[in-house]
Each structure stands twice: as C-alpha cells, then as structure tokens.
Amino acid sequence: MGHLGNELGAIFARGFEAAGLDPRLGDVRRSDKPDMADFQCNGALAGAKAAKRNPREIATQIAEAVTGQGPIASVEIAGPGFLNIRVTDDALARTAAAIRTDTNMAGASKVADPQTLILDFGGANVAKPMHVGHLRTAVIGDTLQRVLRFLGDQVTSDIHMGDWGLQMGHLITELEDEQPGLPYFDAAKTGPFPRQSPVTIDDLSRLYPQASAKAKDDPERNKRSQQAVAEMQAGRAGYRALLQHFVDVSIKALKIDYGFLGVSFDLWLGEKDAEPFIPDMVADIKARGLAKEDDGAWIIPVEREGDTKDYPPFMLLNSRGASMYHTSDLATILDRVQTYSPDRMLYVVDQRQALHFEQVFRAAEIVGYISEDRLEHLGFGTVNGTDGKPFKTRAGGTLKLGDLTNMALDEANKKIEEGGRLSADIGPDERARIGQLVARAALRFADLQNTRTTNYVFDLDRFTSFEGKTGPYLLYQAVRIKSLLRKAADEGNVAGDIRIESDAERALVLTLDGFSLALQQTRDKRMPHILCEHVYNLAQSFAAFYGAHKIASEDDADLRASRIALCQAVANQLNIGLDLIGIEAPERM
RNA sequence: GUCCCCGUAGCUCAGCCGGAUAGAGCGCCGGAUUCCUAAUCCGGAGGCCACAGGUUCAAAUCCUGUCGGGGACGCCA
C-alpha cells in the first residue's frame, strides 16, 4: 500500500488491537465513494461477529481512538459501521512532494522479501515464425520482469527456445534434398564447417512447412526426419553445426520482432541447452527407482492420494528411447537449479499447457530438484478476433507476429497522419519513430490491460485509437506533461511548495498514492493488468486536473509553482509506470 | 467421461481473500476551446452481475447444481 494507505493501515491496526480485536481488521483501502471519503475501513463490521459486539459500537470506539493521528483529518461512521476517512490537505501535499523527488521509485517501495527468480517466457521456435500467441508471452513476461526487478527481485529471464524437436529433423532433411552437396551431410566429416550459414531466415520459414507438409502424408519422409533427429541427438557433427546455424539465423530474426515490442531476455537458451544433462539425469532417475517402464516407455507416475482428477504420467523416455518435451523441461529445471539456485521459477506459457506443467512440477519434486510450490505456471488466454474465435488471417491461416506488428505500425501511422496534428517541423525520421512508439504502446497496452488468464478480443482499430483506454492515449498524456513542463521551464516558471486545494488535485494525489499498492499486487498476483489500470487512472486523473486548472498560465505565482511541482510528480510516476509496461513516450507528437 | 477457465451496460473489459447507490473505455445524447496540444475534458441515459438453490446481519464476490462458451486429458512441442 502507498504512503498514506500504509500509515492509515498501521494506525487502524493499532486501534483495533487496543480495542482487543484482531489488528488485521484495520485494513484500510481507497474509498469507493470518493464524494464521502478518501479511504475506508470496514473492519468494525467484520469484527463484530467474532467479538459478539455491535459493529457501530466498535466503529465508534475505533474512530475515537484514531482521530487526529497521522494524516487523518476526520473519521466518520456511516451505515452499519463503515469508517470513512478523510486525510488532510497537508498530508496529500507531502505525499505528492515525496513522489516528485523520488526519481527512483516514484512513491513505490522495494519488497521486504526479494527473491531470486528465473522467468521463462518467449518460447519462440527455431525456423517457425512467431505468431500472435507469442505476443502474449512476450509482453506479459517482459512486463513482469521489469516490475519484479523494479521491486527488488533478482530476475534472470530465459527465452527457452524450441530448438530440439522433430522440426530440426525436418529442416535438416529438407535442406539435404535441396542442397545435397553441402559438407554438413557428410556423415564422416567432423569439421570444421563453414562459418557462413547455408540458409537465411526466409529459407528456414520455407523449408519447415515444406517438409512438414510432405511428412504428413508420407510416413517414410517423416521417418527420415526422426532419424536425423536421433543422429543429431547422438552428436553427429554436421547436424550439430547446422543446428547452430539454424539457431543463430533464427535468433537474429527474432530480435527484430522482440526489439519492436521492447522485449528483452538475459538468456537465449533453449531445449538443446538442456540436452547435455539428459543422459545422466535419466540414468540417475532410473537408478534411484523413481521411473518405471510402461508400454515400452519410461515414465514417472505423478498421481497422488486425494487427487480429484487423472494425472497422466510424466514421460521420461518414449518407447523409442528418445527424450521428450517433459524430459527437456525437467533437465532445464535441473540446470537452472544448479546454476542459479533460484527461490522460484516462473513460466509464462499458454494456459492450455497447465496440465503439462503440473506433471513437470510434480516430477521435479519427486526427483528432488525443487519443491513443487516453488514452480509457478503463469498461464494466459488466447488472442481472439472480433468474431470471438482465435485470431487468424483473412485466408484462415495463423497470423505471424511480424505481420501483426506491421499492421499495427500501418494503423498507427495512418492515425497520426489523418489527425494532421503533428507539427510540420517534425521530419520523416522523427515521424517514423513516433509511429513505432505508438504502435508498440498500442500493442503492449492492449494485451496487458486484459486479465492474464482470460482470452481477449483483438481489435486493432480500437487499440490504436488515441481515444479511450489505449496505449496511444497514455502516450498523449505523457507527451502533454512533457511539453507543458518543457514550456514552463523555458518561460522561467519553477516548481514550488505543493498545495492541495481542489477536488481534482486531491483525486490526483490519491491516485498517485496508489502506485505502490498496484505494483505490490501486480507482483503478488503476477498480473500486469493491475499496473495498467493504475497507469491509466493516473493519466486520466491528470487529464481531469489539466482540464480543471490553469497551470503554467495561472496568475497566482505560488499556485503556479505548486501546480508545476504536482505535474512533475505525475510526470515522474507516469514515466516510470509506462516504462514498467514497456511503453516509451516520444518528446512530442 | 474427468478436470480447468469463463459467462457483469448495445460492444470490449475491470471489480471476485463478502460489505454502503456494481465501475471504466467505446458507442449514444447534451455541454465546454479569447486559457499550457479539444488526439482533451465535464454531464446524462444505459445493468434482477447466465439461471436456480444454499451459507450470512450482508453475496457479482463463498458453496452446490443447471445451462451456455473456450480449453486440456502418455509416447508432438
């Protein structure tokens, strides 16, 4: 909770304790009746039953105990025992002043229990272009990494690429068909191989679907790919060298899409990097008698007493003796535990994989790598079109992420130009830059403002609008403050002591005060939409304040200096908040 | 069949560790510009919170069931 919320909560907790009641009843939160109160406490109602007392009587006792303390201006009892709290203008002014000068945290505070975390998101595949589903894991994961770091957690992010499956076999064999003369296909050759990749990203995105289609109705073709995978796993040098080229070329392409979205990773590891751990891991698990043979495969049973649903077993090795999705995920856990000793590992992966992760997490605990409760699957819903069905191209195919970002960019540029509001002296380079920032803001905010776990409808026209609850609206407000403060500085208007006198100012500072709580909840629940909600409220409160008052043109010098200082407080928190969402505002637009 | 998520204003979504007249954006209606960007702001209309039971002083929120939508369920990842 924010500065004021914290102070009040502590005061009320002491009040309840002194009255012989549970101090947790002193929970204070923003009032949902702004015309009646700034904050409210409902503890008297909740405590009445346990204490077998009249709630109004308790409320009266608490109100008398806390009146006059700290930031409290008044406490009134309403209805059956609601405690309505007003804070003093002075306390609000101090809060705003503190947020203004707190350039690091803007009123938020570091957590008391910082953790070492591995954040697994991205999940891009080699050779397969990213699609709309990758947008979600990218922006949710990236926002969480920004927020968690900001609050003091030690975060290591890993894209965990899909670089080890059958698709690699498809690529190898299909490339062999096209260019059989390449040295990589000489089984006897151990190296060295050319440093220049034999394929481009365009080659890869052509070869994979090509091979995949052939393998679909030709079992022999599929077998060749499986064979290639097996040989690659066994260490065939030419195939390993090709794999590395495929990975390098893919990463280069991925960085373009991620760069556009402002998404970054500490580690660009993948399934293949867990692979060296697999043989010993499997042998060890077998040796300890934790796995058993079943239908020719090696499995780890993960069902438990009291389960209310069926748990299929964890697949350690399939009946051909090959490692699988489960295996590489478990090996990755082992690697991460050994390398980073994390307190927790977080996976930002599609909700549909919930059962998979339950199996993996149980297996990880069974084999003793890490306890299940330190592994979290942060699932997310699907991106749907305006028809409510999964988002597709007009032709019905999967929409590539790159195409989506281009659509957003076109739409953003269109809206910027058709508004005709950019001043004429903004040149083409700056216009292009503004278009990119608007498109990024539109995409990221659109995705993040929705509850993580649910599906949402993707409506590009709505998301790129400058009106409404959108990224571009946030940008507009941020730019507006920047321009205002820049102009004020040019005219020699400086900030001064903050005075809180109007409803718009009160509302604005109370919103500022909620930043800390919003971040806390975003962390606790791993839910970025809570932060989005706060940042949007802040932008809106500012817009209302801006509409209600003169700022730089205010005649009263003290008032002018106060309002400029308040704007600086807002600018500070808004910029930090936007940055945590991964949105950057241009200097002007 | 078992299990998971969802069903809130015309549309898109918040709220869900129970609390006072259920919020926001879009759309609709009506206002505001000699004043720092009106890409804005202010006001209004609009909801038996899918349905039925139950728990409670109090239920959109908790429990049970029904209906409707989405999803997962051993050798793909």
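The structure displayed is predicted, hence computed values, not measured ones. Reminder, nothing fancy here: chain letters follow the sequence lines and each chain counts from 1.
- Base pairing of G65(B): its partner is C51(B), meeting the Watson-Crick or G-U wobble criterion (both donor-acceptor distances under 3.5 Å).
- Considering only the side chain of A544(A), C42(B) comes nearest among A14(B), C42(B), A77(B).
- Of all nucleotides listed (G74(B), U12(B), U37(B)), U37(B) comes nearest to the side chain of V479(A).
- Using a 4.0 Å heavy-atom distance criterion, H377(A) is classed as making no nucleic acid contact.
- Here G15(B) is the nucleotide among C35(B), G15(B), C13(B) with the atom lying nearest to any side-chain atom of H529(A).
- Between the CG atom of N84(A) and the C1' atom of G19(B) there is a distance of 12 Å, rounded to whole Å.
- Distance check: Q40(A) CD to R29(A) CZ gives 4.5 Å after rounding to the nearest 0.5 Å.
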Which protein N or O atoms sit under 3.5 Å from an N or O of nucleotides 24-29 of chain B?
{"unit_1": "G25(B)", "atom_1": "OP1", "unit_2": "Q540(A)", "atom_2": "NE2", "d": "3.2"}
{"unit_1": "G25(B)", "atom_1": "O2'", "unit_2": "K469(A)", "atom_2": "N", "d": "3.1"}

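- Along RNA chain B, the nucleotide nearest to A297(A) and the one nearest to N455(A) differ in position, and the one closer to the 5' end is contacted by N455(A).
- Relative ring orientation between F314(A) and H326(A) is described as parallel, the plane-to-plane angle staying below 30° on a 0-90° scale split at 30° and 60°.
- If you check the side chains of Q227(A) and R224(A), you find no donor sitting under 3.5 Å from an acceptor.
- Atoms OH (Y347(A)) and P (A77(B)) sit 16 Å apart, rounded to a whole Å.
- Summary of the strand contacts: T453(A) and K525(A) both lie near RNA chain B, and taking for each the nucleotide with the nearest heavy atom, the more 5' one is attributed to T453(A).
- Remark: T454(A) is in phosphate contact with A14(B), judged by side-chain N or O atoms under 4.0 Å from OP1 or OP2.
- When distances run from any side-chain atom of K550(A) to the nucleotides C35(B), A77(B), G19(B), the shortest one goes to C35(B).
- Taking every side-chain heavy atom of T451(A) into account, G15(B) is the closest of C36(B), G15(B), U21(B).
- E587(A) pairs in a salt bridge (Lys or Arg N to Asp or Glu O under 4.0 Å) with only one of the listed residues (R480(A), R433(A), K482(A)), which is K482(A).
- Rounded to whole Å, the P atom of G25(B) lies 38 Å from the corresponding atom of C67(B).
- Aromatic ring centres of Y325(A) and H356(A) lie closer together than 6.0 Å.
- Remark: aromatic rings of F458(A) and F463(A) are close, center separation under 6.0 Å.
- K482(A) has its NZ atom 17 Å from the C1' atom of C36(B), to the nearest Å.
- The side chain of N318(A) approaches C75(B) more closely than any other nucleotide in the set C75(B), C3(B), C36(B).
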Quiz item: Please walk me through it: do E491(A) and R560(A) pass salt bridge (Lys or Arg N to Asp or Glu O under 4.0 Å)?
Solution: CA-CA 12 Å; E491(A) 290 164 2; R560(A) 187 168 67 232; over 6 Å; no
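- Rounded to whole angstrom, the span from the CZ atom of R352(A) across to the C1' atom of A72(B) amounts to 10 Å.
- For R30(A) and G23(B), the CZ to C1' distance is 13 Å, given to the nearest whole Å.
- K487(A) has a side-chain polar atom (N or O) that falls below the 4.0 Å cut-off from OP1 or OP2 of U37(B).
- Contact annotation: side chain of Q40(A) to base of A20(B), donor-acceptor pair present below 3.5 Å.
- In this model, no side-chain donor or acceptor of D163(A) finds a partner on the base of A77(B) within 3.5 Å.
- Rounded to a whole Å, the CZ atom of R480(A) is 11 Å from the P atom of C36(B).
- Between the CD atom of E303(A) and the C1' atom of G74(B) there is a distance of 12 Å, given to the nearest Å.
- Residue K33(A) places its side chain closer to G23(B) than to any other of G70(B), G23(B), U12(B).
- Candidate nucleotides A77(B), G74(B), U21(B) were compared by shortest atom distance to the side chain of D294(A), and G74(B) ranks first.
- Whole-Å rounding puts the F357(A) CZ to C3(B) C1' distance at 18 Å.
- Pair check for U33(B) finds none; no Watson-Crick or G-U wobble contact set falls under 3.5 Å.
- Under the Watson-Crick and G-U wobble criteria, each requiring two contacts below 3.5 Å, nucleotide C73(B) is paired to G1(B).
- G10(B) takes the anti form, because its glycosidic angle lies more than 90° either side of 0.
- For Y347(A) and F361(A), the ring centers sit closer than 6.0 Å to each other.
- With both pairing distances under 3.5 Å, G25(B) is matched to C11(B) as a Watson-Crick or G-U wobble pair.
- Between G69(B) and C26(B), the distance separating the two C1' atoms is 23 Å to the nearest Å.
- Ring centers of Y473(A) and F445(A): at least 6.0 Å apart, outside the cut-off.
- Within the structure, every side-chain polar atom (N or O) of H356(A) is placed at least 4.0 Å from both OP1 and OP2 of C76(B).
- Side-chain polar atoms of S225(A) and R221(A) form a donor-acceptor pair below 3.5 angstrom.
- Nucleotides C4(B) and G65(B) place their P atoms 11 Å apart, quoted to the nearest Å.
- With both pairing distances under 3.5 Å, G18(B) is matched to nothing as a Watson-Crick or G-U wobble pair.
- One finds no side-chain N or O of Y476(A) lying less than 4.0 angstrom from the OP1 or OP2 phosphate oxygen of C41(B).
- Out of U37(B), C41(B), U2(B), the shortest distance to the side chain of S483(A) is found at U37(B).
- Interface remark: the S319(A) side chain does form a donor-acceptor pair with the C75(B) base, using a distance-only criterion of under 3.5 Å.
- Looking at the side chain of P312(A), the nearest of the listed nucleotides C3(B), C73(B), A38(B) is C73(B).
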